[in-house]
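Contents: one structure, followed by commentary.
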Amino acid sequence: MEINDLTPAEQRVWRAFATGTDVDLGDPDTENGPEPSLRASVLRALLLNGPREPGEIAALKLVGAHITGVLDLRNATVDSVVRLLRCRFDSVPRLSGAQLNYLNLSGSELPGLAAPRARFEGSVRLTGCRISGPVHLAGAQIAGALFVDRADITTDDPAQPVLQLNQISVEDDLCARGLRTRGLIRLDGASVAGSIDLEEAELGNPGGHVLDAESLGVGANLLGRRLRAHGRIDLRGARIPGRLDLLYATLQAPGDTALRASSCTIGEMLLRGGPPVQGRLNLRRAVINQLHLEPEMLPTQVRLLDLTYTFLTPHEPAERRLPMLERDDGAFDPHAYEQLTAAYRNTGDDRAARLVQLAKLRRHRGTLPWYGRLWGRLQDAAVGYGFRPLRAAVWLLSLLAAGSVAFALEHPRALKAAEAPEFNPVFYTLDLLLPVISFGQESAFAPSGWHQSLSYVLILTGWILATTVVAGVTRTVSRQ
């Protein structure tokens with residue numbers, strides 16, 4: 001391309017390229033006026049075969065231009081820095097399979113960006129861009145960071161992902177703070193060596209996914225503080241060794257799953273300070289070292305099957321934690337109760353741990369046949385399944401008092417008057433109540449009438465009480 005074939009604005013850019021000089025075409029005081037047009041074909045020729053000067057680093061540094069036509073760099077190798085700030089593109093730049101040094105489109109307006117499988121030796125900046133079509137970076141390799149902070153990305157086709165980052169590899173951070181999207185963000189299979197920052201982002205796709213990040217690999221943290229998500233977030237199988245920070249986040253997907261973090265491995269998960277989650281919360285089979293979970297944020301459906309965690313904060317009474325274990329579609333999961341028990345024991349709260357175990361046994365009772373439920377109710381009423389041993393003493397003293405009064409008012413007949421010991425109503429009642437201890441009273445006297453019925457009740461009650469005490473104590477000792 002000859003320089004004589006270029007417009008004045010294009011000639012200015014062409015001459016500045018060799019030395020990497022900045023060209024601001026958006027300055028209304030320049031001779032070309034605001035936002036002059038530049039042909040995309042000229043920029044392509046410049047990047048592939050532009051002039052070079054010895055001792056200088058060639059670079060395309062352009063501000064405030066209107067770029068017409070298609071910037072087509074598919075499968076091209078560009079070793080120069082490309083910085084196109086606050087520019088307006090008529091067509092979608094095509095960079096698929098390209099190899100670029102550095103790309104900065106901050107503040108620009110684009111109808112989309114197509115750069116699948118592209119390779120970038122430095123960072124990619126889309127900060128503050130307004131993009132009215134899909135951004136396609138699937139399979140791209142970025143040696144630096146990816147910046148989409150404060151960008152506004154939408155698409156007219158709801159079936160098209162608005163931000164396609166599946167299988168992308170980023171060797172630094174993915175900064176998306178303040179990002180606004182209307183559609184699906186795909187991050188499934190992506191690898192980010194640093195952190196993903198979605199703080200104060202606003203992601204909207206009502207009735208569908210806002211973030212699909214299955215099998216995502218993050219080197220540090222996934223930050224979503226004050227995130228507003230109106231649609232489903234799917235993190236199934238993600239690996240986040242640092243924090244999954246959802247403090248003050250708003251998660252809304254009515255009638256669907258608002259957050260799915262099943263089968264994830266997470267160092268620390270924070271879900272606190274925001275409004276109640278609208279939709280299901282799915283943490284099944286996840287492994288979380290420290291779980292910061294505020295009861296007020298929990299939705300009506302929480303799926304916790306095989307969830308494993310070491311610490312649970314903030315410290316709350318067992319009465320406030322137990323309802324979340326009853327929201328897993330009505331299914332009984334003993335593992336969830338064991339995890340909550342272990343969390344309380346790690347903090348030294350044995351009383352709360354016992355309450356959780358008692359709640360587990362009561363919940364398990366509902367899964368048994370009628371005779372199992374009946375026996376369970378007897379154990380619960382007698383000694384609280386072994387976790388409330390004082391109940392046994394109360395029952396024993398109550399029955400002892402009732403029997404002693406009844407037999408003191410009317411003594412039973414002695415079987416052998418000459419050999420019988422002096423009748424003692426208290427020890428006679430104890431003989432009936434305690435199946436393994438004998439004071440010589442029961443075998444020496446024979447009650448009749450309603451006293452005989454009372455003695456049968458005391459004997460039966462004593463056996464039931466003794467059996468439930470032994471079963472409860474055995475269960476408690478074995479659990480220790």
Side-chain angles (χ1 to χ4, degrees), residues 92-100 102-106 110-155 157-199 201-205 208-224 227 229 231-240 244 260 264:
V92 176
R94 298 179 181 176
L95 309 178
S96 59
Q99 299 184 41
L100 289 88
Y102 171 85
L103 178 64
N104 189 345
L105 301 176
S106 296
L110 303 94
L113 176 64
R117 303 177 305 283
R119 295 183 60 183
F120 301 90
E121 299 302 323
S123 297
V124 176
R125 287 186 175 271
L126 302 176
T127 299
C129 285
R130 293 186 299 278
I131 305 175
S132 56
V135 174
H136 193 352
L137 285 166
Q141 300 179 41
I142 302 175
L146 173 60
F147 296 88
V148 287
D149 47 314
R150 303 190 306 281
D152 192 328
I153 309 174
T154 60
T155 178
D157 184 1
Q160 186 87 1
V162 68
L163 187 54
Q164 198 160 340
L165 305 176
N166 51 303
Q167 307 299 327
I168 195 173
S169 174
V170 181
E171 297 301 321
D172 205 325
D173 294 338
L174 196 168
C175 183
R177 179 175 294 196
L179 170 69
R180 296 184 301 276
T181 60
R182 301 295 180 273
L184 166 64
I185 299 175
R186 286 194 62 187
L187 265 170
D188 50 302
S191 174
V192 179
S195 295
I196 298 178
D197 189 350
L198 284 165
E199 290 193 11
E202 185 174 341
L203 314 179
N205 190 22
H209 284 69
V210 292
L211 178 61
D212 182 357
E214 291 189 19
S215 302
L216 168 69
V218 179
N221 308 308
L222 199 165
L223 308 174
L227 168 72
R232 177 172 178 158
I233 296 177
D234 197 337
L235 299 174
R236 181 175 57 176
R239 301 173 303 283
I240 307 170
L244 173 56
R260 182 181 186 181
C264 287

Taking NZ, NE, NH1 and NH2 as the nitrogens, is one of them in Arg130 or Asp152 under 4.0 Å from a carboxylate oxygen of the other? no

Carboxylate-amine/guanidinium contact Arg177 Asp149, below 4.0 Å: no

Assess the residue pair Ile196 and Leu216 against the criterion (side-chain contact (heavy atoms from CB on, under 4.5 Å)); give the C-alpha distance rounded to whole Å, side-chain angles, the decisive distance to 0.1 Å, and a yes or no. CA-CA 11 Å; Ile196 298 178; Leu216 168 69; 3.8 Å; yes

Least distance between heavy atoms, [X] atom then [Y] atom:
X: Arg239; Y: Gly217; result: NH2-CA, 3.6 Å
X: Pro93; Y: Gly112; result: CD-O, 3.3 Å
X: Ala176; Y: Leu198; result: CB-CD2, 3.6 Å
X: Leu165; Y: Ala190; result: O-CB, 3.7 Å
X: Leu95; Y: Ala115; result: CB-CB, 3.8 Å
X: Ser195; Y: Val218; result: CA-CG1, 4.3 Å

Apply side-chain contact (heavy atoms from CB on, under 4.5 Å) to residues Arg182 and Thr155 and explain how you reach the verdict. CA-CA 7 Å; Arg182 301 295 180 273; Thr155 178; over 6 Å; no

Nearest 0.5 Å, what's the [atom1]-[atom2] distance between [X] and [Y]?
X: Asp188; Y: Gln164; atom1: CG; atom2: CD; result: 8.5 Å
X: Ile142; Y: Phe147; atom1: CD1; atom2: CZ; result: 10.5 Å
X: Leu227; Y: Leu211; atom1: CG; atom2: CG; result: 8.5 Å
X: Leu146; Y: Leu137; atom1: CG; atom2: CG; result: 6.5 Å
X: Glu202; Y: Thr181; atom1: CD; atom2: OG1; result: 8.5 Å
X: Asp212; Y: Asn205; atom1: CG; atom2: CG; result: 11.5 Å

Is [Y] close to [X] at the side-chain level, that is, under 4.5 Å between some pair of heavy atoms?
X: Leu163; Y: Leu179; value: yes
X: Leu110; Y: Val92; value: no
X: Asp173; Y: Asp197; value: no

Test item: side-chain donor near acceptor, Asn104 and Ser106, under 3.5 Å: yes

When you look at Ile153 and Leu126, which way does the side-chain contact (heavy atoms from CB on, under 4.5 Å) test go after all the steps? CA-CA 10 Å; Ile153 309 174; Leu126 302 176; 5.8 Å; no

Step by step, work out the side-chain contact (heavy atoms from CB on, under 4.5 Å) result for Leu203 and Ile185. CA-CA 9 Å; Leu203 314 179; Ile185 299 175; 3.8 Å; yes

Across all chains, not counting sequence neighbours, the side-chain hydrogen bond (donor to acceptor under 3.5 Å, both in side chains) partners of Arg236 are Glu214

